[in-house]
Amino acid sequence: MAHPARRRPRRPGRRRLTAARQAATTTAAGHPHGRRREWLRHAVVAAVCLGASVWVTCGLWADPFGRTVAHNEGDHAFFEWLLGHGVRIVTAGADPFRTDLLNAPGGVNLAANTSITVYAVVFAPLTRVAGPQISYVVILTLNLAASAFAWYLLLRRHAVRHRAAAVLGGLFCGFAPGWISHANGHLNWTAGWLAPVVLGWVLRWRTPTRRWLRDGVVLGVLLAAGFLTAAEMLMQIALATGVFLIVWSCGRGTWPRARAAAPTAFAAAGVGALVAGTLLAYPLYLHFAGPGSFRGTAFRQRFFAEDAAAFLVWPDRSVAALLGVQRGDLAPNPTEGTSFFGAPLLVLVLAGTVLLWWRADRARKALMRALTVVGVLFAVLSLGPRLRWLGEEYDIALPYASLTGLPLFDAALPGRFALTVVGVIGTTLALLADRLLRHPPAIHLRVLAGAGLALALVPLLPAPVLTVERTAEPRFIADGTWKRFAADGEVITALPHGSAVAPDAQRWQAYTMARGGRQFRIPEGYFLGPGGRNGAGRVGAPGRRTGGMWTRTAVTGHAYAIDNRDRYTVRSDLAYWKVRALFVPDRIIGKDGVMFRAALVRTMTELFGPGERVDDVLLWRVRPGIDPMPVPGDGPDGPPRPTD
């Protein structure tokens, strides 16, 4: 009987080879080479985000020292002031949350303002070396780029499989019309990276973990940093995250996971609240009860609300504007246009939501349900207390009308709630793109989907932020010549006084702070403080007649007919401010362009006589209690007029 033939070992077939290669590829993902490739892909996405951000801010990069945003010069100057103050915080130990340099002699409660303390301290070395002008444009550029990149990472980790889908969602979330609008001067409201960072950390708690103490401490630090960067935005993030998690947890497919993770999640949240409360105890006290605090907001909430029609049209700074089909006039101002998504995008998102819901598993339905609830809720809140349509307000009360008296809501501007809708739309776009990439439809449907995405998104591609010329810093300030006329801590000011329409005086004080050493104080200024109606806040200090006269003269060119009663009033106001010297630069550029310097000099000459030429300014020294002296026989000789 013949021996049976020995069987040779079979070579693995094509199917087995493919499976083996897939396993090797999966294993290689944890290999250093795989991690290096992943980091390289992340770096490419980050470079794209940074390039888009530089494009948006290129007008400022062209001349950071000679250009300012065209539509919000006051906020631009205020944030430069805060960056200059950051150098004093680091080098001189100044109080981060209160200052007496502005609004002499009363000072300003910085905790009640948008004080961006984290940025001011972190970027203090750059501000010290390069100046607040450079720090400002660097932070603005990084804010936009980091927002897009952080959303990309969040979507890539928690929502989609395809990198292209995460990139699409991230770029929309970082460069949506609302963020481009706030790039007009707002370093706080362009810090959109806060939302994905906080949300990404909280989403880690969906699975039970024993690291509740560490997670809570990190959350507390994030909350404290968020409050000291953009407090109003942090309130929105907390509200949106809470609503999202509650709705997500109530799904039949997600409730078991939520219930299992609840004990450690609540423990971590408690630790986070304790850590944040400890770190923020002093600024919270100053914000709500310290000197210079106020209730509510300095702005009218019914005015700073979204027009419902603004959701359906396109913004000013976009490709759509180049085609002449924008409606930017529906925004309260160019800085507060927070929706402007366009009808095609909203139709696409609605259709995408239906498609993603159709035949989805329970987990996907829970996600879409939570996103939809958050998006609809915040869109309705953004409409404010009364319905507005095409610029006309109707006597139809909306849900926000019942919230205006509640703490936090009374200090918020309703229109900004539409910025949370950006995150919902961006996530939906990413999920929709991921679905189309994973399950490609027929060719004609692919063409239709691509055309729909192009029609919805191409008109929203951003245009650079508009900039205008601003007054160059005079050598009198830059070279330190001012020190001959005022000792450390004494009051000296440019005219007109610092304000939203003429921020130069405040801006130049910021530059001296950034250089360190001796520092002068200025009266009035651009900030939020008490003095509004019914205990609410107001912009700037309660006006005194002299400051208003100088500002109106520079804005209108109207030279006042000065008499002795005016001189008494000016003398009284100068004594209140304790001013030692006043100066006028050779050229003054304000919010609306070049100001009337000649009229201002003529008014000052009538009050004090001819000015003294010092470097490149005209300067008038003030003798306390003496200047301006009355002129015998020159008009009424009585008590000073009451202040405005």
Side-chain angles (χ1 to χ4, degrees), residues 74-75 77-124 127-128 132 135 187-188 224-232 234 276-298 408 411 488-493 497-500 503 505-514 516-532 535-542 576-578:
D75 278 353
F78 178 70
F79 284 113
E80 283 189 353
W81 188 94
L82 291 171
L83 294 171
H85 186 247
V87 176
R88 285 183 60 82
I89 295 173
V90 173
T91 60
D95 190 335
F97 308 110
R98 181 163 177 78
T99 183
D100 62 352
L101 297 179
L102 277 178
N103 190 32
V108 175
N109 184 338
L110 296 178
N113 284 260
T114 51
S115 53
I116 57 163
T117 309
V118 171
Y119 284 157
V121 171
V122 170
F123 284 87
T127 305
R128 181 70 177 84
S135 290
L187 290 190
N188 55 339
F227 181 86
L228 298 178
T229 302
E232 188 179 347
L234 182 66
T278 302
L279 295 175
L280 297 174
Y282 176 57
L284 284 174
Y285 158 72
L286 285 179
H287 182 90
F288 291 105
S293 61
F294 52 89
R295 295 187 296 106
T297 176
L408 301 182
D488 188 24
E490 290 188 331
V491 180
I492 181 173
T493 180
H497 287 168
S499 65
Q506 186 166 339
R507 182 183 288 125
W508 296 335
Q509 187 188 51
Y511 303 161
T512 63
M513 286 193 295
R518 289 169 52 183
Q519 183 56 52
F520 59 85
R521 300 159 67 200
I522 62 173
E524 300 188 0
Y526 179 66
F527 59 91
L528 299 180
R538 58 166 290 144
V539 178
Y576 171 78
W577 292 319
K578 300 180 181 178

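All figures in this text were calculated on a predicted structure; none of them were measured in a lab.
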Kindly give the heavy-atom pair with the smallest separation between [X] and [Y], and that separation in Å.
{"X": "P530", "Y": "S293", "answer": "CB-O, 3.7 Å"}
{"X": "T229", "Y": "V118", "answer": "OG1-CB, 3.6 Å"}
{"X": "T297", "Y": "A536", "answer": "O-CB, 3.8 Å"}
{"X": "S115", "Y": "L110", "answer": "CB-O, 3.3 Å"}
{"X": "G296", "Y": "A411", "answer": "O-CB, 3.5 Å"}
{"X": "T127", "Y": "S135", "answer": "OG1-OG, 2.7 Å"}

Roughly how far, to the nearest 0.5 Å, is [atom2] of [Y] from [atom1] of [X]?
{"X": "L102", "Y": "F527", "atom1": "CG", "atom2": "CZ", "value": "7.0 Å"}
{"X": "H85", "Y": "T117", "atom1": "NE2", "atom2": "OG1", "value": "9.0 Å"}
{"X": "L284", "Y": "F227", "atom1": "CG", "atom2": "CZ", "value": "4.5 Å"}
{"X": "T512", "Y": "F520", "atom1": "OG1", "atom2": "CZ", "value": "4.0 Å"}
{"X": "R521", "Y": "I492", "atom1": "CZ", "atom2": "CD1", "value": "13.5 Å"}
{"X": "R88", "Y": "D95", "atom1": "CZ", "atom2": "CG", "value": "11.0 Å"}

Side chains of [X] and [Y], heavy atoms from C-beta outward: is any pair under 4.5 Å?
{"X": "E80", "Y": "Q506", "result": "no"}
{"X": "L228", "Y": "F97", "result": "yes"}
{"X": "I522", "Y": "W508", "result": "no"}
{"X": "N188", "Y": "F79", "result": "yes"}
{"X": "V539", "Y": "L528", "result": "yes"}
{"X": "L82", "Y": "N113", "result": "no"}

Backbone N/O of [Y] and side chain of [X]: donor-acceptor pair under 3.5 Å:
{"X": "R98", "Y": "P291", "answer": "yes"}
{"X": "R507", "Y": "A510", "answer": "no"}
{"X": "Q519", "Y": "M513", "answer": "yes"}
{"X": "D488", "Y": "R518", "answer": "no"}

**Report entry** CA sep, side-chain torsions, deciding dist, call: D75, Y526, side chain to side chain donor-acceptor pair (under 3.5 Å)
**Finding:** CA-CA 8 Å; D75 278 353; Y526 179 66; 2.8 Å; yes
Requested in this report: Decide yes or no on side chain to side chain contact (heavy atoms under 4.5 Å, CB included) for T493 and W577, but give the supporting numbers first.
Outcome: CA-CA 10 Å; T493 180; W577 292 319; over 6 Å; no
Report task. Could you label the plane-to-plane angle of the W81 and F78 rings as parallel, tilted or perpendicular, counting under 30° as parallel and over 60° as perpendicular? Result ->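 Aromatic pair W81/F78 classed parallel.
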Query - Evaluation steps, side chain to side chain contact (heavy atoms under 4.5 Å, CB included), between T114 and E232 - result: CA-CA 9 Å; T114 51; E232 188 179 347; over 6 Å; no
